[in-house]
Amino acid sequence: MTVPLVKQAHDKVAKYLQAGDIVVDATMGNGFDTLFLARAIGERGKVYAFDVQATAVEATKTRLNEAGVSERVRLIHDSHAGLSAYLQSDNMDSIRCVMFNLGYLPGSDKVSKTNSESTIKALTAAIGLLNCPGIISVLAYTEHLGGREEADRVKSWAMSLPTTQFNVNIQIPEASNKSPPEWIVIECR
Ligand SMILES: C[S@@+](CC[C@H](N)C(=O)[O-])C[C@H]1O[C@@H](n2cnc3c(N)ncnc32)[C@H](O)[C@@H]1O
C-alpha cells in the first residue's frame, strides 16, 4: 500500500525532531501538521505556526486545545513571508524544521492560497535560520491554478542551494492523474 505523502513527510521530519526544539509550520491550515510538530517537540519546545486565514487559526487553536498542547505553540495570523521577524522578536535565531503544505485550505473557497512570491520569501528566511542537522519539507500541489508554477519555483530555488551544505530530494509519486503532488525535502546534515 502506498503511504500518503503527508504521512511520509511526518515520518521523515520526525527523525530530526527532539524535545525542546524550535520549529515552524509555515501553513497551519486545519492544524494537523502543527499538532504533529507540537507533540514531537515536547513541552520545552516551541512551534511557530502561520496562516493568513482566520478560519485556519481558529481550527488549529481548537485542535491544539483539545490535545492539551496549545501552550507550546505560537499561532500567528499573518503571512509566513515575515517569519524571521516573528522569530527574532522572541530571540529565536535557529530552528530545527520548517514544514510547508502549500495550496488552499481544504474545504475552503480556494480563493486564498499560497503563492510563489511569499513562499520563496519564507523559504529564504527559513534556510537562513535552519540548524544543522535540520530539515525543510515542502508539499506542493500542482493541480490548482498557480500550483504548477509554485512547485517549479520551489524546486528551482531548492536546486540552487549549495550542495556542500544541503541535500535536496524531490519525490513525485506515481499517480493516475497528470498533476500529482510533489514533495521537496531539503536537509542540512
Ligand atoms: C494546504 S493548507 C495547509 C494544511 C495544513 N498544514 C494542515 O495540516 O491542515 C495551506 C494553507 O496555507 C495558507 N496560506 C496561504 N498563503 C499563506 C501565507 N502567505 N502564509 C501563511 N499561510 C498561507 C492557507 O490559508 C491554507 O490554510
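No experiment lies behind these values; they were computed from the predicted model shown.
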Please indicate whether [X] has more than 12 foreign heavy atoms, meaning atoms of other residues, nucleotides or ligands, lying under 6.0 Å from its [atom1].
{"X": "Y104", "atom1": "OH", "value": "no"}
{"X": "E43", "atom1": "CD", "value": "no"}
{"X": "K155", "atom1": "NZ", "value": "yes"}

Heavy-atom closest contact ([X] atom, [Y] atom, distance):
{"X": "M28", "Y": "A49", "result": "CE-O, 3.1 Å"}
{"X": "V168", "Y": "A158", "result": "CG2-O, 3.4 Å"}
{"X": "D93", "Y": "L129", "result": "O-CD2, 3.6 Å"}
{"X": "W183", "Y": "S137", "result": "NE1-OG, 2.9 Å"}
{"X": "A26", "Y": "H80", "result": "O-ND1, 2.9 Å"}
{"X": "P181", "Y": "P173", "result": "O-CD, 3.2 Å"}

Is it the case that one hydrophobic cluster holds both [X] and [Y], taking links as side-chain heavy atoms less than 4.5 Å apart, direct or via other members?
{"X": "I127", "Y": "L87", "value": "yes"}
{"X": "V154", "Y": "V98", "value": "yes"}
{"X": "V13", "Y": "V73", "value": "yes"}
{"X": "V6", "Y": "F32", "value": "no"}
{"X": "V47", "Y": "I22", "value": "no"}

(request) Applying side-chain contact (heavy atoms from CB on, under 4.5 Å), run through Y48 and I76 and close with a yes or a no. (result) CA-CA 7 Å; Y48 288 80; I76 300 163; 3.9 Å; yes

Hey, is [X] close enough to [Y] for a salt bridge, meaning N to O under 4.0 Å?
{"X": "D152", "Y": "R148", "answer": "yes"}
{"X": "K46", "Y": "D90", "answer": "no"}
{"X": "E66", "Y": "R63", "answer": "no"}

Is there a donor-acceptor contact under 3.5 Å from the side chain of [X] to the main chain of [Y]?
{"X": "N115", "Y": "S118", "answer": "yes"}
{"X": "R189", "Y": "N167", "answer": "no"}
{"X": "D51", "Y": "H77", "answer": "no"}
{"X": "D25", "Y": "T34", "answer": "yes"}
{"X": "T142", "Y": "P180", "answer": "yes"}

Once rounded to the nearest 0.5 Å, what's the spacing between atom [atom1] of [X] and atom [atom2] of [Y]?
{"X": "E117", "Y": "K121", "atom1": "CD", "atom2": "NZ", "value": "5.0 Å"}
{"X": "L17", "Y": "C97", "atom1": "CG", "atom2": "SG", "value": "5.5 Å"}
{"X": "S179", "Y": "I172", "atom1": "OG", "atom2": "CD1", "value": "11.0 Å"}
{"X": "S108", "Y": "K113", "atom1": "OG", "atom2": "NZ", "value": "10.0 Å"}
{"X": "E174", "Y": "T2", "atom1": "CD", "atom2": "OG1", "value": "9.5 Å"}
{"X": "L130", "Y": "Y16", "atom1": "CG", "atom2": "OH", "value": "9.0 Å"}

(request) Answer with yes or no whether the side chains of N101 and T27 bring together a donor and an acceptor at under 3.5 Å. (result)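 Not at all, the side chains of T27 and N101 share no donor-acceptor pair under 3.5 Å.
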
(request) Verify whether one side chain among E150 and T119 offers a donor that lies under 3.5 Å from an acceptor in the other. (result)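 Per modelled atom types, E150 and T119 side chains form a pair under 3.5 Å.
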
Hey, does [Y] have a side-chain heavy atom less than 4.5 Å from the side chain of [X]?
{"X": "P106", "Y": "N30", "value": "yes"}
{"X": "Q53", "Y": "V57", "value": "no"}
{"X": "V185", "Y": "I136", "value": "no"}

(message) If we check side chain to side chain contact (heavy atoms under 4.5 Å, CB included) with F100, which of these qualifies: D33, L139, L123?
(response)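 So the option named by the test is L123.
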
(message) If hydrophobic residues (ILVMFWY) are linked whenever their side-chain heavy atoms come closer than 4.5 Å, directly or via other members, who joins L145 in its cluster?
(response)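 Other cluster members: none.
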
(request) Please step through salt bridge (Lys or Arg N to Asp or Glu O under 4.0 Å) for the pair K12 and E187, ending with a clear verdict. (result) CA-CA 10 Å; K12 179 86 182 173; E187 293 168 275; 3.4 Å; yes

(request) Apply side-chain contact (heavy atoms from CB on, under 4.5 Å) to I95 and V23, showing your working. (result) CA-CA 5 Å; I95 50 187; V23 299; 6.0 Å; no

(message) Pair E58, K61 - check salt bridge (Lys or Arg N to Asp or Glu O under 4.0 Å), show working.
(response) CA-CA 5 Å; E58 283 310 310; K61 190 187 279 181; 3.7 Å; yes

(request) Determine, using ring centers only, whether F50 and Y86 are less than 6.0 Å apart. (result)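 Yes.
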
(request) Walk me through it: do T60 and L75 pass the test side-chain contact (heavy atoms from CB on, under 4.5 Å)? (result) CA-CA 8 Å; T60 302; L75 295 175; 3.7 Å; yes

(message) Show, in sequence, the C-alpha distance, side-chain angles and deciding distance for D11 and K7, and conclude whether the salt bridge (Lys or Arg N to Asp or Glu O under 4.0 Å) test is met.
(response) CA-CA 6 Å; D11 291 347; K7 168 86 171 89; 2.8 Å; yes

(request) Run the numbers on M99 and H10 for side-chain contact (heavy atoms from CB on, under 4.5 Å), then give the verdict. (result) CA-CA 9 Å; M99 295 190 81; H10 285 188; 3.7 Å; yes

